[in-house]
Protein chains: 2
Amino acid sequence: MAPDDSRRSEDRFKHMLDKLKSLDFRITPQRLAVLRILAASEDHPTAEQIFEKVRTEFPTTSLATIYKTIALLKGLNEVLELGFPDGSNRYDGAKPFPHPHVICIRCRKIMDPYIISLDELKDEIGKKTGFRIHYHRLDFFGLCGECQKDL
Amino acid sequence: MAPDDSRRSEDRFKHMLDKLKSLDFRITPQRLAVLRILAASEDHPTAEQIFEKVRTEFPTTSLATIYKTIALLKGLNEVLELGFPDGSNRYDGAKPFPHPHVICIRCRKIMDPYIISLDELKDEIGKKTGFRIHYHRLDFFGLCGECQKDL
DNA sequence: TTTTCTGCAAATGCTTTGCATGGGA
DNA sequence: TCCCATGCAAAGCATTTGCAGAAAA
C-alpha cells in the first residue's frame, strides 16, 4: 500500500468513527474492526470477506453483526453498496459516494476507473425525464487484464 | 399505446419467436405468452408481474416456468435483466441491450432516458483499466415526477 | 445501572433445481 | 413416438430479524 493510501484510509477511518461518536452510537471492538477494514479496502469486499477478516481479530464475531454494522453505515452514507442479483453484494467504504466501476465477469474483480464526472449527464437526464436524481450507478462489465490472458 | 409502439412490440415478438424456432426450442403457449408480454412491456416488469399476466391467460402456469423462460431468453440475449439486491429483478424484453435507466427510489418506476451513447466512454474506460468491456449498466436513482408531488 | 449491541438461530423471499407428468413436433 | 417443457414442491442462499445475554457509557 502506498503511503498516501494508508493516509487516506486512516482519514476515512477517523471520519467514520467521529460520525458514530457524534451520533451517540456505541463504539464496540467489532464496529472498530469493520470500520478499519472498510476504510482500508480497495477491493470492494463482500460481507463474508469482511466477516472473515474481523474473525481473525475477534473469533466470536457473527455475520449478523457485520450486516448490522454495514446497514448502520449505509444509513449514514459512509459505505456504498454495490448490489448484485446473484447474491454477493460488494461494499466500498473508501469512496462511499456513487462512482463508476469496472467489473470482471470472470473473476469478479472490481476496480474504479478514473473518468470525468457524470454531473452534467445527471442534470440532462433529470431534465428529460422529470426525475429528481439522487444518486447513480454506472458499471462496465468485462474481462480484466489477467482474465483475458488465460482463456 | 402509440401505433409505432405496437408495431415495435410486434417486431420484437416475431424476432424472439423466430429465434426460438430457428434454435429448435419448442413453442409452447406459456412461452408465447411470456414473449408477448416481454416484447410489449415498457415498464420493466418483475418475474412476478409477468407471472400474473400469463396467469390471466393460462391459469395453470407456474412461476418456475416464467423463470425458466426468462433464463432461456437471457441466454439468447433477448431479454435484459436489471438486478437488484433487495430481491426484485426487473426485465426488459423491448430493449434487450445495455442502456441507461432512471429508477424512482419511492415507487420503483423505471424509465429509459434518451441520451447519447456511452460507446466513447466505454472505449476510454477499457483503455485506462485494461479491461475488455462487454456490457455496461448505468442507473440513475431518484424521485419520479409523481413521487415528488406527494411527499 | 441503563440502554444498546452482539451472537445465535430461525425466518425471509427471490430464484433455482429435481423429478414425474404432460404436450410439442 | 421421442424428447423437451411444465408444474409442483423442495432446496439454496445472502440477508434480515427476534430475542436473551453481554458489554458500552
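Please read these numbers as outputs of a predicted model, since none were measured by experiment. Quick note on labels: first sequence line is chain A, next is B, and so on, each numbered from 1.
Rounded to an integer number of Å, the gap from CG of A/Leu63 to P of D/dC13 is 15 Å. In this structure, the CD atom of B/Gln49 is 14 Å from the C1' atom of C/dC14, given to the nearest Å. What separates CZ of A/Phe58 from C1' of D/dA24 is a distance of 14 Å, to the nearest Å. Rounded to an integer number of Å, the gap from A/Leu82 CG to D/dA14 P is 17 Å. Taking atom CZ of residue A/Phe25 and atom P of nucleotide C/dT3, one finds them 17 Å apart after rounding to whole Å. If you measure from atom CG of A/Leu20 to atom P of C/dT4, you get 15 Å, rounded to the nearest angstrom. Rounded to an integer number of Å, the gap from CD1 of B/Ile66 to C1' of D/dT6 is 11 Å. D/dA5 atom C1' lies 11 Å from atom CD1 of B/Ile27, rounded to whole Å.
Near DNA chain C, defined here as any heavy-atom distance below 4.0 Å, the residues from residues 30-39 of chain A are A/Gln30, A/Arg31, listed numerically.
A cation-pi geometry, defined here as NZ or CZ lying under 6.0 Å from the six-membered ring centre and within 45° of its normal, holds between B/Arg108 and B/Phe84.
A side-chain donor-acceptor contact under 3.5 Å links A/Thr129 to the backbone of A/Ile125. Panel note: side chain B/Glu124, backbone B/Asp119; no donor-acceptor pair is recorded below 3.5 Å.
Results of the salt bridge (charged side-chain N to carboxylate O under 4.0 Å, His left out) test with B/Glu42 over B/Arg8, B/Arg12, B/Lys95 single out B/Arg8 as the only residue that passes.
Note on A/Asn89: only backbone sugar-phosphate atoms sit closer than 4.0 angstrom, heavy atoms only; bases stay farther off. If you check every strand for non-hydrogen atoms under 4.0 Å, B/Thr46 touches nothing.
OP1 and OP2 of C/dC5 both lie 4.0 Å or more from every side-chain N or O belonging to A/Thr28. Taking only side-chain nitrogens and oxygens, B/Thr60 comes nearer than 4.0 Å to OP1 or OP2 of D/dG7. The phosphate of D/dG7 has OP1 or OP2 within less than 4.0 Å of a side-chain N or O from B/Thr65.
Of all heavy-atom pairs spanning B/Ala94 and B/Ser41, the tightest one is CB-O, 3.7 Å.
Annotation: side chain of B/Asp112 is in contact with side chain of B/His101 (closest heavy-atom distance under 4.5 Å).
Between B/Thr65 and B/Ser62, the side chains place a donor N or O and an acceptor N or O closer than 3.5 Å (distance only, hydrogens not considered).
For B/Pro29, the side-chain atoms get nearest to C/dG24 when compared with the rest of C/dG7, D/dA5, C/dG24. Side chain of B/Arg26, nearest nucleotide from C/dC8, C/dT17, C/dG23: C/dG23.
With hydrogens and angles left out, the side chain of A/Lys68 and the base of D/dG18 share a donor-acceptor pair within 3.5 Å.
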